[in-house]
Structures are given as structure tokens and as C-alpha cells.
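Below you will find the structure I want to go over with you.
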Amino acid sequence: MTDGIANDRLEKLAAMQQAGQDPYPARVAKGQPIADLLSDFAARTGQIVTIAGRLGQIRDFGKLRFSHLTDRTGALQVAFQRDRLPTFWPERKLIEGNDLVSITGELGTTQKGEPTLWANEVTLACKALRPAPEKWHGLTDTEQRYRMRYVDLFANPEVRQAFAQRSKIVREVRHYFDSLGYLEVETPILQPIFGGASARPFVTHHNALDMKLYLRIAPELYLKRLLVGGMERVFEIGRVFRNEGISTRHNPEFTMLESYEAWADYRDIMARVEGLFAHLVQTVLVGKSVVHFRERDYDLKPPFQKARYLDLFAQQNPGVDWFDHASCVARARELHLKVDGIEPAKLANDVFEATVEDTLLGPIFVHDYPVAISPLAKRMREDARVTERFELFVAGMEIGNAFSELNDPIDQEQRLREQVAHKDDETPGEIDVDYVTALEFGMPPAGGLGIGIDRLCMLLSGASSIRDVVLFPLLRRLEATGEESKGP
RNA sequence: GGGGGCGUAGCUCAGCCGGUAGAGCAGCGGCCUUUUAAGCCGUAGGUCGCAGGUUCGAGCCCUGCCGCCCUCACCA
């Protein structure tokens, strides 16, 4: 396993150990945040301070050497001067670029005016046995960046920044719902029956109970049980798992926000979504509501456009009746879509996706979806063929999905029964009877919402691939070779 | 699963028509007290993704495989 470890670094490590120095001390002098030092640097000139972090490449001038030290908040130049470091100087070469160090010294500037810490004391905090990637380009090979994200993160500051942004987005989403009196809850990830969406699940097994379990594809059915229980405003931000293809918009595990609010309908939830975006624009984007995503600009400042699902369908498919199977089949053939063995409702929706989705630059709310593709949504008062449901699209990408929740247990059971009857790989094999029972106890009228947090992050940070907002995207395991195959 | 692209030193990349494997950075040995992609001199570093094949000769051509990226399909 010494592959990639430079020999000279091992030699330096051995030299230090021989000299009685610990290359991996448990504790070193803690550093002050570099950003704090830089914020009022002029006033701090002459102060003795300690900073700690990773050392950059060293620029050597004989009796003077420069480097930069990076911590979580920023980077500061460090100068090592022979005359200031009588004991450290002879062994200065044992500490090199990419090592983690704690340095105490005096703040000052160089002749060129660069803020600099003039080191008086240097302590190795951790010897790095592998060098940093190339200083100018960083790590660019995408495969390496994903497989060794830890290197990507320290070598490419903009990557650190992107994930700091993700953290901020999640925090502000949480803050928004919190401020509306929603309770944050956690529901089962291991589920005996999967439901709440349409996707193939990951399957696992509990040994002690000898029970088949699924990793959740959505938390929906559990969250709505909480509405029955009187928790009138709840939300969950958590991982869901879908055993589907991988693409720039799909990772097998991703983060979903779901929220449910009693005594609200989908119109109220639409307002909540706009409120959420207004909040994110203000906090995360600091007022700059236009984001650049995949070669285009999008203004995320509400209010958003609205359009009926069936109107959009009719616009792009003139003369085609969504509810008439024969006419949808003809249109699907025209579009070279798969027709055989596809449920009529799914086929009609496939036509919608093929013809409409790409045109939804948005942000736009598409609303009033047909019942057949909305098994958990309440029917519209005016037209029982469609439901009170909307999806939010930006850049042709589905960001959110919401509806007035179906709370009629009899209608719900019927729809679940139909689903199971037309079961495919993505339908639960059985009805979640307990969920129907819960509805029988009475669930208040409510509006629910689901938002893909990863896609939201993509949009807000302009990342064109979901892998750029997921720290450790799923990759195929590399074939173990020889001794590397030995595991713990 | 289909189509396209890529894989060469630790990193970033060259490598022409098939003819001894290259550079920069990082490293190592020197010189240098104000650099910040420091500079200069010297030095070391390779299973060219893997396995076959064609050829006098393969990083380059052919076949298969592995991995990654893009794209289409799939994925409400």
C-alpha cells in the first residue's frame, strides 16, 4: 500500500522519529482563524499569534523561505527566517509542502505589502506522506476528484466553497420551516413496505427479525401519519434511496425535503415554495436572484409563472387527448417512445415529459396533474380527472412536487389497489394497509411538499452535475488488485 | 443498454506517418533574505488502464475487458 507514497517523505518521517520528534502529536498550539487576522490586519501588525493548517508549496531563498498556510477560513503567507528560528532552521527541510503545521509568529508585511506571519516557532501537527496535486491546476481529473474527494477539497478551494454553500442552503431551508412553526422529525429509513413515490427500491434484510426491508424511496407515508397524530406542521430533510440509473441529475442516494402542513391546500403550499425561494435568494444568494445554470440565466425571485399540466400538454401535442389511449399511443410512436407494455397513464405522461419538460425553463409551477399519475393527491373540486398538485420546474429540471394530500381513506385504498393491480418493479408489492388505517382515523386536510435538495443546490450554485453537490457520489468500485484487496 | 470521448511520471499535459518515453510542477542535491505559478544549475522518477493480436518493431493499428466523462434511453 505504499503506492503513491514518496520515499523521501518516509525518510523525513523516520528522521523525525529518530530525533525523538512526534510526527503525529495529539495536540499542538491551536490556531486563530486566518480570516479574523486578515479582517483587521493593519491593526494587528506586531502581534504574536498562532495559526494552524496545511502548508502550501515552499518558496526557498536560502536564508528565507515563504509559503502559504491554509485553514478553514482562508490562507496567510508564512515567512521562515533563519535568524528567527535558530533551532528549527537546521531541520527545516523535514517540514515540507502539504504537511499540517501549527506556527506561532509575528504579524507583519513583506516589502510588497503582503500580510505575513513571521514564524518564531514551528510545530509539525501531521506529516503528510503524499504530496499535494499540482499547485496551479489542482486536481482536475474528474474520476480522481470524486474518488479522492478529500484531495479535491484541499486542493481546490472552490470545491470547499461549493459545499459550504450547500451547508448554508440546508441551514436556511431548515430555518425557513422552523420559523413557520414546523417541527423537524425523523422517520424510518428502513421500511417493511416502500411507498410514497414510484421508484425501484434497494432491498435489505434484518437478521434478528428475519425480515425483508427496503431503504425508503420517500418518507411521505410516515410523515402523513404524523398529521393524523396531531403534529400539524412537520418536515424532514433526509436521505432517500432509489435503485435507478445514474446521471448528471440522479444519484442513487439523494437528499429530500418533505414538509406537511395541516389546514393548508396546494395553493398555500405554492405560496410556501415562493416564500422559501424568497428566503433563499435573500440569505444564500444575498439578494442576487439571477443564477447561471447550464448556459442560461434564471431569475429565482418569486412570484413564478404558472401553467396547467393539460394546457401545456395540449400546446405541445395539438389534437392529442391525454385521456384517450389510442391518440397517446399514436403520438408516442411519432416521438419514438416505447409503447409496448406501458400503462396508459404512464404513456400519456411519457409524452408530456418528452414534449413539454425541456420547454419548462421557468421557474414555473406546472399544476393540476391527472389523477392516474398522482395516487396520493386529492382530486380537484371542479374536475375529478385531475388533482390539486403542482411541480416546480427550473431549467427543465423537476425541483419540487406538492399537492393537497388525499385524506379520503376509501379513495386512497382504491387507488393503491389499482396501483398494485398494475404492479411493475416500481410499485410496492402490497398495499400499506396501516397507512389506510391511519387515514381512517382522520387526517386533517393538508398540503405537502417535496424538494430535491441536491437539485436545489445545483441550481443555486450553478453546478451542472449532481456529483458536484454530493460530497461522495456513488462510483463503481475499482477491481481490487493484489495485496490492496486485503481489507480490515 | 445504445452512441461519442478519454485513460502516458505523484499532479497537469505533449508524444507527428508505427522506429530508443518527453516537458512543466511536485521530489532530491546545490546557489540565493522579499517571493507569491519565484529564478538558476544539476539529478532522479514509467507495467503508456488491463489482456491478447498484427508487425522486424506498438503509447500509436486491431479485438476484448476495466474505469471515468458526455449524451440518448430508463428514471412520474
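Sequence lines set the chain letters: A, B, ... in the order given, protein chains first and strands last, and positions in each chain run from 1. Only heavy atoms go into these numbers, but all of them, side chains included; no hydrogens, no water, no symmetry mates. Computed from a predicted model, the values in this text were never measured in an experiment.
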Problem - Distance between P atoms of B:rC25 and B:rU63 (Å, rounded) - result: 40 Å
Distances for protein N or O near nucleotides 6-9 of chain B N or O, under 3.5 Å:
none

Practice task
Looking at every strand, decide which applies to A:Arg467 at a 4.0 Å heavy-atom threshold: base, sugar-phosphate, or nothing.
Solution key: sugar-phosphate
Fill in the blank from the handout: Side-chain atoms of A:Glu114 come closest, of B:rC75, B:rU12, B:rU36, to B:rU36
Practice task
Describe the nucleic acid contact of A:Asn98 in one word from base, sugar-phosphate, nothing, applying a heavy-atom distance below 4.0 Å.
Solution key: nothing
Exercise for the section: Please name all residues satisfying side chain to side chain contact (heavy atoms under 4.5 Å, CB included) with A:Asp297, sequence neighbours left out, ordered by chain then number. Expected result: A:Val290, A:His292
Exercise for the section: Check whether any side-chain nitrogen or oxygen of A:Thr110 sits under 4.0 Å from OP1 or OP2 of B:rU34, and answer yes or no. Expected result: no
Practice task
Go ahead and write out RNA chain B as dot-bracket, 5' to 3': ( ) for pairs within the strand, [ ] for ones crossing earlier pairs, | when the partner sits on another strand, dots for unpaired; Watson-Crick or G-U wobble, both distances under 3.5 Å.
Solution key: (((((((..((((.....[..)))).(((((.......))))).....(((((..]....))))))))))))....
Exercise for the section: Pick the P atom in B:rU71 and in B:rG49, then give their distance to the nearest Å. Expected result: 25 Å
Exercise for the section: For A:Pro375, answer base if it contacts any base atom (sugar-phosphate contacts may also be present), sugar-phosphate if it contacts only those atoms, and nothing otherwise; contact means non-hydrogen atoms under 4.0 Å. Expected result: base
Problem - Nearest-Å distance once atom P is located in both B:rU43 and B:rG22 - result: 15 Å
Handout entry: Any side-chain donor near an acceptor of the partner, A:Asp141 and A:Tyr146, under 3.5 Å
Key = no
Exercise for the section: Indicate whether OP1 or OP2 belonging to B:rG10 is found under 4.0 Å from a side-chain N or O atom of A:Lys135. Expected result: no
Handout entry: Out of B:rC69, B:rU12, B:rA76, whichever nucleotide has its closest atom nearest the side chain of A:Asn349
Key = B:rA76
Exercise for the section: Give the nucleotide from the list B:rU12, B:rG30, B:rG67 with an atom nearest to the side chain of A:Arg147. Expected result: B:rG67
Problem - Separation of the C1' atoms in B:rC50 and B:rC6, to the nearest angstrom - result: 16 Å
Practice task
Please state whether the phosphate of B:rG67, meaning OP1 or OP2, lies under 4.0 angstrom from any side-chain nitrogen or oxygen of A:Arg476.
Solution key: yes
Practice task
Apply salt bridge (charged side-chain N to carboxylate O under 4.0 Å, His left out) to A:Glu114 and list each qualifying residue two or more places apart in sequence or on a separate chain.
Solution key: none
Handout entry: P gap between B:rG57 and B:rG52, integer Å
Key = 16 Å
Handout entry: Sugar-phosphate, base or nothing in reach of A:Gly138, heavy atoms under 4.0 Å
Key = sugar-phosphate
Problem - Note: A:Lys127-A:Glu96 ion pair, threshold 4.0 Å (strictly below) - result: yes
Handout entry: RNA chain B contacts among residues 60-76 of chain A, heavy-atom distance under 4.0 Å
Key = A:Asp60, A:Phe61, A:Gly62, A:Lys63, A:Leu64, A:Phe66, A:His68
Handout entry: Residue list, salt bridge (charged side-chain N to carboxylate O under 4.0 Å, His left out) with A:Asp152, at least two apart or on another chain
Key = A:Arg145, A:Arg149
Exercise for the section: Ignoring backbone atoms, test whether A:Thr142 places a side-chain nitrogen or oxygen under 4.0 Å from the OP1 or OP2 oxygen of B:rC70. Expected result: no
Practice task
For A:Phe352, answer base if it contacts any base atom (sugar-phosphate contacts may also be present), sugar-phosphate if it contacts only those atoms, and nothing otherwise; contact means non-hydrogen atoms under 4.0 Å.
Solution key: nothing
